[in-house]
Participant: 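Pasting a structure here, questions to come.
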Amino acid sequence: MEPSRYNAREAERKWQKIWDESGSFRTRNDDPRPKYYVLEMFPYPSGRIHMGHVRNYAMGDVVARFMRARGFNVLHPMGWDAFGMPAENAAMQNKTHPATWTYANIATMRAQLKSMGLSLDWSREIATCDPAYYKHQQKMFLDFLAAGFVDRKKSKVNWDPVDETVLANEQVIDGRGWRSGALVEQRELTQWFLKISEFAEDLLDSLEGLERWPEKVRLMQRNWIGKSEGLSLRFALEAADEASEIEVYTTRPDTLFGAKFLALAPDHPLAAKAAERDPELAAFIAECQRRGTSEATIETAEKRGYDTGLRARHPFDPHWLLPVYVANFVLMDYGTGAIFGCPAHDQRDLEFARAYGLGATPVICPPGVDPAAFEIKDAAYEGDGTLINSRFLNGLSSSAAKEEVAKRLESVKLGDAPQARRQINFRLRDWGISRQRYWGCPIPIIHCPTCGAVPVPLSDLPVELPQDVSFDQPGNPLDRHPTFKYVACPRCGGAARRETDTMDTFVDSSWYFLRFTDPWDVAEPTDPRAVRHWMPVDQYIGGIEHAILHLLYSRFFTRAMSATGHADELREPFAGLFTQGMVVHETYRAVDGTHLAPSEVRFETGPEGRRAFRLADGSPVEIGPIEKMSKSKRNTVDPDEIIAVYGADTARWFMLSDSPPERDVIWTEEGVQAASKFVQRIYRLVEELASLAAPRDAPIPNQFSPAAMDMRKAAHGALLRVEQDLSRLRFNRAIAQIYDLTNKISAAIGNIDSEQVPADLRHAFREAADIFVRLFAPMMPHLAEECWARLGHKTLVCEAPWPVADKSLIVEDMIGLPVQVNGKKRADLVIERDADNAAIEKAALALEPVRRALDGKAVKKVIIVPQRIVNVVA
RNA sequence: GCGGGCGUGGCGGAAUUGGUAGACGCAAGGGACUUAAAAUCCCUCGGCCACAAGCCGUGCCGGUUCGAUCCCGGCCGCCCGCACCA
């Protein structure tokens with residue numbers, strides 16, 4: 001008889017329709033079961049899904065289906081991060097409206113995701129470009145404004161000259177715009193800011209509690225927030241005619257007696273003042289500013305400065321005068337924009353001092369080093385130690401000296417205030433959200449010449465994007481739109497101008513997970529009851545590229561929403577975070593050096609290894625390095641094609657097998673084919689099982705033969721291990737267990753006389769089959785439904801409960817104990833599980849290989865680790 | 001430069017976290033079925049040795065331990081963050 005073939009295409013369509021019609025994945029907020037919220041980072045609707053999406057959403061779906069089977073009320077929603085610049089670029093290129101382009105992409109990608117068979121609650125779908133969504137975002141912006149979380153200030157911004165927009169610091173990579181790649185310029189603009197820095201302390205401290213986050217991500221956030229504890233310290237100036245002092249920030253007050261100079265940022269007000277009477281200094285400052293941040297990395301940061309002629313008095317010695325420089329390496333927007341330089345204990349200061357002949361007196365002696373012999377050569381000593389050359393501080397430790405300096409200077413007055421105060425600084429800056437773009441959420445503000453920045457009245461929300469715009473010139477079309485831009489002031493009715501900047505799209509994604517809890521609410525962004533019920537997200541899954549920005553902004557947003565009554569008492573949005581690896585693929589290069597797509601290459605595997613040839617003309621092809629799938633390298637694989645050829649289950653299975661989920665997975669043709677073969681193998685196996693298994697309602701036999709027991713043990717053992725692995729998101733290991741069980745079932749079937757299968761064995765097969773199908777159902781849901789039905793079930797496997805492992809079956813009467821002699825394994829001992837140590841020792845020593853290894857030597861000791869191992873020490 | 005992570009067969013990776021190294025999969029080789037191929041099934045598969053016995057083997061060197069892929073110290077290599085933050 002010809003074994004039947006599983007037709008994935010047909011079956012997948014069929015089961016997707018059935019799931020849809022039965023509403024299996026629709027989630028109700030009033031369901032009494034315990035909740036579980038699993039979420040994958042929602043996609044940007046770029047056009048089509050890629051393999052990275054397949055991997056990400058396959059993982060989330062396994063978690064969703066697994067937790068559903070384990071009795072949880074699972075929330076597993078999907079939406080679209082739909083605002084952003086590609087839509088405008090497309091508009092410019094193809095003369096399509098951004099909305100048209102975006103919604104067409106959403107339609108395509110929704111269909112693609114549906115073809116994957118994801119157990120999503122599509123009734124909660126949201127798109128951030130929908131006025132029904134961004135209306136709430138505008139309301140929250142106004143609430144934040146009222147609560148004091150919003151700031152409008154002039155600030156130096158990163159200006160992307162190609163995209164003609166402002167970029168956040170985080171969006172500038174190596175001095176270039178993260179999207180356009182253009183060199184970023186510095187410009188001064190008035191911008192809207194969200195005051196994330198006010199939450200810096202809490203955002204930092206709360207990282208401790210995020211135990212189910214990768215340590216790596218927590219560390220990255222910690223560094224990004226960049227807390228430092230130090231002293232804000234004022235130096236009096238020798239000539240106290242105009243500005244009388246300079247305030248610096250330092251984390252090393254213990255090195256104060258090693259100070260050789262003060263340095264100001266080029267854009268420090270005092271620098272500008274000094275430049276008024278010194279044209280050369282003005283020229284130096286101008287040069288520093290011209291370089292800006294963009295070239296800082298290109299110029300290997302040579303330390304340069306210019307002496308202002310000012311002299312500052314040392315806080316502990318009014319006769320000790322320090323030169324004041326303007327230096328290119330001092331940043332205006334960190335600390336006070338001024339530093340004191342201690343060349344012996346700061347590498348930058350040392351380089352600077354060497355260039356200008358300022359000397360370097362060591363004041364901290366490293367532990368275990370003779371102070372008399374200690375000198376500074378090429379490297380500053382930045383560690384802690386014992387104070388030297390520091391008058392009253394000599395002999396103190398760094399930390400005691402810091403404390404002493406702080407204490408003394410706190411109690412000394414300079415002018416009306418203490419000369420120093422302890423200060424905590426953060427690297428984290430406020431979040432500039434203004435973007436000079438059309439396709440984003442409008443900022444609901446109207447600028448009135450008499451009333452200032454006036455919030456748009458709630459009744460006028462949403463401020464909708466006008467449809468009639470054109471992209472045939474650069475810049476923001478909102479800024480030249482007659483009726484959008486020119487409006488009456490809501491307060492005085494006079495002629496006013498609407499804010500034409502839109503919000504950074506990271507704002508949109510900073511609260512979508514909250515919106516999912518009750519996306520139907522038209523009046524409010526969220527229903528606090530729904531938030532209380534569903535939040536936090538139990539398992540969030542996405543790419544490591546969002547380790548800082550998206551996750552930090554979301555953590556901030558959640559706090560700000562709580563403070564304004566939109567998120568109950570919630571502070572942390574994501575209890576569990578998992579960052580999955582990328583999908584990578586080999587690259588191929590033709591003789592002319594151009595990249596070739598996998599479909600253009602043919603392979604030959606011979607004794608000399610694997611070689612590749614171009615399909616078109618048979619010319620040799622160089623197999624290049626394995627890299628992230630990208631259009632430019634042409635090493636992408638289209639999920640649509642894969643699903644069309646092999647089916648969604650195969651694609652999902654392959655994406656989860658082999659590589660641990662946090663690591664990159666290599667897409668190979670062999671790998672998909674192996675997955676596809678396994679799908680067929682399962683189908684055939686279940687077909688056999690269906691004919692061998694006892695009916696579902698057959699009575700349980702009183703006794704099981706050894707063969708039947710083996711089958712039962714294999715099934716329950718696999719169940720236990722798969723359960724454990726899936727709980728920890730170790731999909732690759734769960735899959736290995738399923739392969740293993742498959743092999744065991746096949747072997748068991750191969751060993752029987754199919755004419756006469758005893759009832760107990762039939763029962764064991766029934767039990768194993770029902771377990772087996774449910775084990776792979778989270779990964780290959782369509783195939784599982786098909787198999788479940790073939791096994792005679794009338795229910796859906798996606799609604800079936802997870803099987804319960806019978807642990808008593810796993811416990812063996814006889815156990816195998818490896819026996820070592822002097823740490824080397826020599827034999828296996830099979831013995832009763834409850835044998836005592838004396839019996840084990842006796843049996844172990846009696847084993848032939850053990851005696852041979854001992855070779856007559858006296859046994860000194862026998863170490864027995866219960867249920868584990870025996871080690872004979874001779 | 002600073003911080004973090006990782007080095008296990010031809011390849012992806014397992015190893016109950018101090019207790020049988022190499023599960024499972026891929027690739028390769030051999031065989032069965034077939035006119036043939038595909039598909040399927042069976043066997044072999046870290047190295048040395050003719051089999052067995054045995055020896056060696058988790059990047060390298062050393063240490064702790066009855067026992068180390070796992071812990072400690074020192075090197076080497078790769079990957080990823082951050083980068084003048086005072």
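No experiment lies behind these values; they were computed from the predicted model shown.
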Participant: Using the six-membered ring of F352(A), assess whether NZ or CZ of K303(A) lies under 6.0 Å from its centre and within 45 degrees of the ring axis.
Facilitator: no
Participant: Given A23(B), is OP1 or OP2 found less than 4.0 Å from the side-chain N or O atoms of K744(A)?
Facilitator: no
Participant: Which sits closer to the 5' end of RNA chain B, K825(A) or R427(A), going by the nucleotide each is nearest to?
Facilitator: K825(A)
Participant: Looking only at side-chain N and O atoms, does N743(A) come under 4.0 Å of OP1 or OP2 in G25(B)?
Facilitator: yes
Participant: With a 4.0 Å limit, can you tell me whether R663(A) has a side-chain N or O closer than that to the phosphate oxygens OP1/OP2 of G13(B)?
Facilitator: yes
Participant: Categorize L331(A) for me: base, sugar-phosphate, or nothing, with a 4.0 angstrom heavy-atom threshold over every strand shown.
Facilitator: base
Participant: Searching all strands shown, indicate the nucleotide that pairs with G73(B) (Watson-Crick or G-U wobble; both distances under 3.5 Å).
Facilitator: C61(B)
Participant: For a quick check, tell me whether the side chain of R868(A) and the base of U16(B) share a donor-acceptor pair closer than 3.5 Å.
Facilitator: yes
Participant: If anything within 90° of 0 is syn and all else is anti, what is G9(B)?
Facilitator: syn
Participant: Kindly assign one of parallel, tilted or perpendicular to the pair Y325(A) and Y356(A), based on the angle between their ring planes and the thresholds 30° and 60°.
Facilitator: tilted
Participant: Is G18(B) paired to anything, Watson-Crick or G-U wobble with both distances less than 3.5 Å, and if yes, which nucleotide?
Facilitator: none
Participant: Quick check on A52(B): is either OP1 or OP2 less than 4.0 Å from any side-chain nitrogen or oxygen of R852(A)?
Facilitator: no
Participant: Taking syn as within 90° of 0 and anti otherwise, name the glycosidic form of U17(B).
Facilitator: syn
Participant: Has Q820(A) got a side-chain atom pairing as donor or acceptor with I869(A)'s backbone, closer than 3.5 angstrom?
Facilitator: no
Participant: Consider the side chain of R730(A), meaning its heavy atoms from C-beta on, and name the nucleotide among A27(B), U17(B), G54(B) that approaches it most closely.
Facilitator: U17(B)
Participant: Taking atom types as they are modelled, is there a donor-acceptor pair under 3.5 Å from the base of C84(B) to the side chain of K303(A)?
Facilitator: yes
